[in-house]
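Structure record follows, encoded as structure tokens.
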Amino acid sequence: MKALVWEGANELAVRQVPDPQIRNEQDAIVRVRKTVTCGSDLHLLGGYIPFMERGDVLGHEFLGEIVEVGPQVRNHKVGDRVVVCSFVSCGKCWYCQHQQFSLCDNGNTNPMITENVWGSAPGGCYGYSHALGGFAGSHAEYIRVPYADQGAFTVPDEVSDERALFASDSAPTGWMGADLAGVKPGDVVAVWGAGAVGQMAARASVLLGVDRVIVIDRLDNRLQMAQTHLGVETLNYEQQDVSGELLERSGGRGPDVCIEAVGMESHSSGPQFWYDQVKQQLRIEADRPIAAREGIYNCRKGGSVFVLGVFAGLVDKFPLGAVMNKGLTLRGAQQHGQRYIPMLLERMARGELVTEHLATHTMPLDEAPRGYDMFKQKLDGCVRAVFQPTS
Ligand SMILES: NC(=O)c1ccc[n+]([C@@H]2O[C@H](COP(=O)([O-])OP(=O)(O)OC[C@H]3O[C@@H](n4cnc5c(N)ncnc54)[C@H](O)[C@@H]3O)[C@@H](O)[C@H]2O)c1
Ligand SMILES: [Zn+2]
Ligand SMILES: [Zn+2]
């Protein structure tokens, strides 16, 4: 079959790879109908996440149709239209039973690497390096879905492919950020990053009844999109004084909740950007935590900061003093999609959660390298490039 493979840092190619096979009784094989770029892939492309191997198939946010099931698959049958959670979880271990699905003890078949780096291993993720299980990704005609009863969700007839696709990764990630950060009616929420993840965190905050949501970015097309499709306020950090505006819009205290949806390659126009970038490129700092720092500095005393953006390792100039002295709650997580996807599909069916505007560019899988280039450079207003492996 055809697939988009990683050929080295910033090198992608579409080529033939072996078809996936059922390997375990709970596996399903899905024919991919739509599969989409994610900000997390950019960290892989840039070579910031080691443990990629030449020929690895990329992609983890996808939707398709089941074409084969293993003998233990109970909830799905051939022909089901399913959206699949980007994280692989068994549904049975202690973490899955406690609804912390991305921490599944069995989803990552290759736990040694992350045990060494982080102390223990999170679950696995499709197309996301051998550190997260080495699973073949979704930018392919077919994909093997382990624990299919746990990870694949039948899409209600009234939800289009274009909308349901984002129930795989962006929408549950954003929802989890708002939920686990503890947003509640009356809150002021600030979200750094107006990509698909930040937009979904902002929309979740609106639906959870907060008073104001302020999305911060420098890309005007994305900020405009957030205003039009999510009904939230925005701030352009290159044109406005973020700290002053956040104070002004939160009664002088600062936001109750700050959600970081930028990740390890965050940008800034100040000298700290060059400091972090040089250290990152020399591999003496893993990540550029610029937006995370801003969230911590701007959050109100006693507030909550949630890190949705992906970070790999160690950071410099981390304001732990502010976290402690301001009494902040600081959390982060890879997404626990299995906990939210059924509810998100229902909201999509009711029209409360609209996502199709995120799919700014759709193209055949053959053009995926061009799609990634557009997405990486944010060309032509690209927010997400969607690939269609089969028609
Ligand atoms: N926790 C999870 O499970 C999970 C799931 C999906 C994605 N992610 C991560 O979420 C992050 C965002 O993903 P995305 O797909 O929306 O990415 P994206 O690249 O499309 O968007 C990131 C946005 O952040 C903006 N940005 C850069 N520096 C900024 C700064 N200092 N302040 C404010 N905005 C800034 C960029 O202009 C861009 O619009 C990535 O790190 C990705 O890896 C995490
Ligand atoms: Zn993702
Ligand atoms: Zn598990």
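Counting starts at 1 for both ligands and their atoms, following the listed order.
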Worksheet entry | SG (C38) to the Zn ion (ligand 2) to OD2 (D169) angle, given to the nearest 10 degrees | 110°
Worksheet item: Is any N or O atom of V197, backbone or side chain, closer than 3.5 Å to an N or O atom of ligand 1?
Response: yes
Worksheet item: Should E141 and K2 count as an ion pair when the cut-off is N to O under 4.0 Å?
Response: no
Item to complete: Flag E294 as yes when one of its N or O atoms lies below 3.5 Å from any N or O atom of ligand 1, and as no otherwise.
Response: no
Fill in: Ring geometry between H267 and Y237 (parallel below 30°, tilted from 30 to 60°, perpendicular above 60°)
tilted
Worksheet, complete the sentence: Going by the 4.0 angstrom heavy-atom rule, the piece of V310 near ligand 1 is both
Worksheet item: Does the side chain of R384 come under 3.5 Å of the side chain of T360 through a donor N or O and an acceptor N or O?
Response: no
Worksheet item: Between L308 and ligand 1, does any nitrogen or oxygen pair lie at a separation below 3.5 Å?
Response: yes
Practice prompt. List the closest protein heavy-atom neighbour of atom 10 (O) of ligand 1: residue, atom name, distance to the nearest 0.1 Å.
Written response: G309 CA, 3.6 Å
Worksheet item: Of all the non-hydrogen atoms in the protein, which one sits nearest to atom 42 (C) of ligand 1, and at what distance?
Response: S40 OG, 3.2 Å
Worksheet item: If only atom types and distance count, is the side chain of N325 paired as donor or acceptor with the main-chain N or O of G321 below 3.5 Å?
Response: yes
Worksheet entry | A196 N/O under 3.5 Å from ligand 1 N/O | yes
Worksheet entry | Which of the ligand 1 atoms, numbered from 1, are nearer than 4.0 Å to a heavy atom of Y237 | 28 (N), 29 (C), 30 (C), 32 (N), 33 (C), 34 (N), 35 (C)
Worksheet item: Nearest to atom 23 (C) of ligand 1, what protein heavy atom do you find, and at what distance?
Response: D217 OD2, 3.6 Å
Discussion item. Quick one about Q199 and H357 (side-chain donor to acceptor, distance below 3.5 Å, no hydrogens or angles considered), yes or no?
Written reply: yes
Discussion item. Tell me whether the Zn ion (ligand 2) has H60 as a neighbour, meaning an N, O or S atom of it below 2.8 Å.
Written reply: yes
Item to complete: Answer yes or no: does an N/O atom from K378 fall short of 3.5 Å to an N/O atom of ligand 1?
Response: yes
Worksheet, complete the sentence: of all protein heavy atoms, closest to atom 4 (C) of ligand 1 is T173 CG2, 3.4 Å
Practice prompt. Compute the shortest N/O to N/O distance between I290 and ligand 1 and return yes if it is under 3.5 Å, no if not.
Written response: no
Discussion item. Quick check: Y126 with F62 (ring centres under 6.0 Å apart)?
Written reply: yes
Discussion item. Residue-level breakdown please: for F87 versus ligand 1, do any non-hydrogen atoms fall below 4.0 Å on the side chain, on the backbone, on both, or on neither?
Written reply: neither
Worksheet entry | Heavy-atom nearest neighbour in the protein, as seen from atom 12 (C) of ligand 1, with distance rounded to 0.1 Å | A261 O, 3.2 Å
Fill in: Nitrogen or oxygen of A333 less than 3.5 angstrom from that of ligand 1
yes
Worksheet item: Strictly under 4.0 Å, does any heavy atom of M264 approach an atom of ligand 1?
Response: no
Discussion item. Test your reading of the structure: does H267 have an N or O sitting under 3.5 Å from an N or O of ligand 1?
Written reply: yes
Worksheet item: Side chain, backbone, both or neither: which part of Q199 comes within less than 4.0 Å of ligand 1 when only heavy atoms are counted?
Response: neither
Practice prompt. Using a 4.0 Å heavy-atom cut-off, say whether R222 meets ligand 1 through its side chain, its backbone, both or neither.
Written response: side chain
Discussion item. Using a plain distance cutoff, I'd like to know if W192 has any nitrogen or oxygen under 3.5 Å from a nitrogen or oxygen of ligand 1.
Written reply: no
Worksheet entry | Check: E260 side chain, V262 main-chain N or O, donor-acceptor pair, under 3.5 Å | yes
Worksheet item: Would you call the rings of F387 and Y372 parallel, tilted or perpendicular if under 30° counts as parallel and over 60° as perpendicular?
Response: tilted
Practice prompt. Check H43 against ligand 1 and report side chain, backbone, both or neither, counting heavy atoms closer than 4.0 Å.
Written response: side chain
Worksheet entry | Identity and distance of the protein heavy atom lying nearest atom 40 (C) of ligand 1 | V262 O, 3.4 Å
Practice prompt. For a side-chain hydrogen bond (donor to acceptor under 3.5 Å, both in side chains) with H130, tell me which candidate from N108, T109, D56, N110 qualifies.
Written response: D56
Fill in: With the Zn ion (ligand 3) as the apex, the SG/SG angle for C96 and C93 - to 10°
110°
